[in-house]
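Read through the structure below, which is laid out as structure tokens, and then see the notes.
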Amino acid sequence: MLPIFKEYRNMLNDNGIDLSEYDDNKLWIDRMIIKGFDKSGKERKICKLKVVGDYKNLRYEQTFYYKNKMVKGKNFKVLDKPINNMLETYEETYKRMEKQILDKERDSVESLRVKLNIYLKKGYRVILPTSMGKDSKLTEHLLNKITDNYIPIFNNTTLDSPDVYKEVKSRNDVKIITPTDKNGNNLSFYKLMKSWGTPNRFYRWCCSIFKEGATEQYFKGQDKLLFIFGMRNEESANRSNYGTIQRNTKWNNKTWISILPIRKWTELELWLYTIKNNISINAKYKKGYARVGCNIACPFYTSSTWILDKYWYPLQYERYHNKIEEDFTTNEKWCRINCTKDEYHLNWNGGLVRKEPNDEVIDEFMKYKKFDNKELALQYFSKKCTSCKKSVYKKNEIAMNLKLFGRNIDKFLCKRCLSKQMGWKQKDWDEEVSLFKQQNCSLF
């Protein structure tokens with residue numbers, strides 16, 4: 001749930017969604033539903049938005065809500081939309097919920113105070129990871145009620161938006177953590193993407209490197225660290241089970257502890273408290289974003305975010321889509337997720353687009369490979385290793401099977417099992433692939 005700020009309201013207006021009949025301090029958007037609260041606290045829906053179009057021409061479609069009404073014994077559907085005067089302002093909603101919000105504030109501060117008292121006596125240092133987002137800022141606001149003896153850190157994904165970097169650089173106390181290679185050179189998302197590929201919901205290498213990995217690398221060898229995180233139970237099914245004290249299982253150091261002081265807060269409570277207490281709000285929220293991290297490339301984003309990216313950050317949006325198209329072609333992803341190049345721009349963050357490739361996918365792949373034999377092209381799609389049953393999808397794996405065993409085979413081996421059968425090590429595999437490419441073999 002997000003308040004609709006004037007910046008996002010203007011963007012919506014530019015896209016044909018007119019909200020001018022409502023005051024600036026009354027509307028919310030929640031899972032693409034624009035709504036408000038009436039004077040009794042009841043949620044009143046105004047319309048639902050849907051993003052349609054291809055990645056170059058994303059646009060909103062708007063659907064209104066209707067209710068049945070009997071008129072002279074006949075049933076009619078009439079528009080069910082609240083008028084402006086029916087809806088609460090943010091301040092009025094806060095006043096209605098003030099007691100439960102202040103209870104949350106009190107409980108969070110007291111919990112923090114108790115935990116800090118315990119761990120500081122044991123010699124722990126306090127670390128405050130911040131993304132410059134609303135959860136981090138609320139957490140810091142509450143922490144400041146107890147102590148200013150902590151180290152704020154920002155995990156630099158090298159991919160955040162200018163709005164986020166502007167906030168980071170405005171604070172001299174924030175330590176910016178960027179992961180480095182074995183030679184001490186800073187890593188960057190786009191450089192790593194060349195070898196790691198496009199991240200997706202099942203393969204989030206970027207988080208492992210730029211978040212957990214960067215933190216472990218920076219604090220390597222340092223014991224007794226107490227991390228104060230702004231995670232909330234409401235955020236996801238996985239986080240719903242988190243307690244106030246948590247350990248990241250990916251951390252190797254057993255003395256590192258996490259405290260989650262705002263885990264019980266709802267998003268509505270958080271926003272009302274933030275507005276009431278004049279806690280600074282990241283510019284990305286004002287532009288309509290529900291989250292501020294990992295600009296453009298987070299695999300958990302969907303078209304509801306991509307339309308914002310295209311509007312607010314067109315150059316970064318275009319750059320990223322050029323990169324994923326390059327990745328699609330280089331790794332021949334026609335065969336991995338059964339889609340065309342254009343379809344990939346709206347499906348890069350997930351798995352299979354369809355169970356089997358359609359004619360359009362096969363024809364586009366044949367054109368790229370310069371094949372004139374459809375049966376040969378189909379050999380590249382949906383294969384399983386006959387030995388270990390793992391998917392065989394990488395282009396060099398498929399090509400090596402066809403090169404060694406013939407173009408009409410119906411049984412394939414993955415790279416590992418094939419190398420074992422041939423008695424090859426990694427160096428041998430690389431040399432064979434290089435040799436066939438030098439020979440201009442069309443399979444590779």
Pairs satisfying ring-ring contact (aromatic ring centres under 6.0 Å, His included), at least one member in residues 109-155, at least two apart
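Residue pairs passing ring-ring contact (aromatic ring centres under 6.0 Å, His included), neighbours aside: Tyr119-Tyr124, His141-Tyr273.
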
Which residue pairs pass the ring-ring contact (aromatic ring centres under 6.0 Å, His included) test with at least one member in residues 80-112, sequence neighbours excluded?
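Qualifying pairs: Trp28-Tyr90.
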
Does [X] have any side-chain contact (heavy atoms from CB on, under 4.5 Å) partners at least two apart in sequence or in another chain, and if so, which?
X      : answer
Lys191 : Ser188
Lys175 : Ile153, Ile177, Tyr218
Gln246 : Tyr242, Ser258, Leu260
Phe300 : Arg201, Arg204, Arg291, Cys298

Listed by chain and number, what are the ring pair (Phe, Tyr, Trp, His ring centres under 6.0 Å) partners of [X], not counting sequence neighbours?
X      : answer
Tyr60  : none
Tyr285 : Trp271
Trp251 : Phe227, Trp256

For residues 266-281, which residue pairs qualify under salt bridge (charged side-chain N to carboxylate O under 4.0 Å, His left out), counting only residues two or more places apart or in two chains?
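Passing the test, one end in residues 266-281: Lys104-Glu269, Lys134-Glu267.
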
Which pairs, with at least one residue in residues 56-65 and sequence neighbours excluded, count as a salt bridge (charged side-chain N to carboxylate O under 4.0 Å, His left out)?
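Passing the test, one end in residues 56-65: no pairs.
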
Sequence-distant partners of Asp342, salt bridge (charged side-chain N to carboxylate O under 4.0 Å, His left out), two or more places apart
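Asp342 satisfies salt bridge (charged side-chain N to carboxylate O under 4.0 Å, His left out) with no residue once adjacent residues are dropped.
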
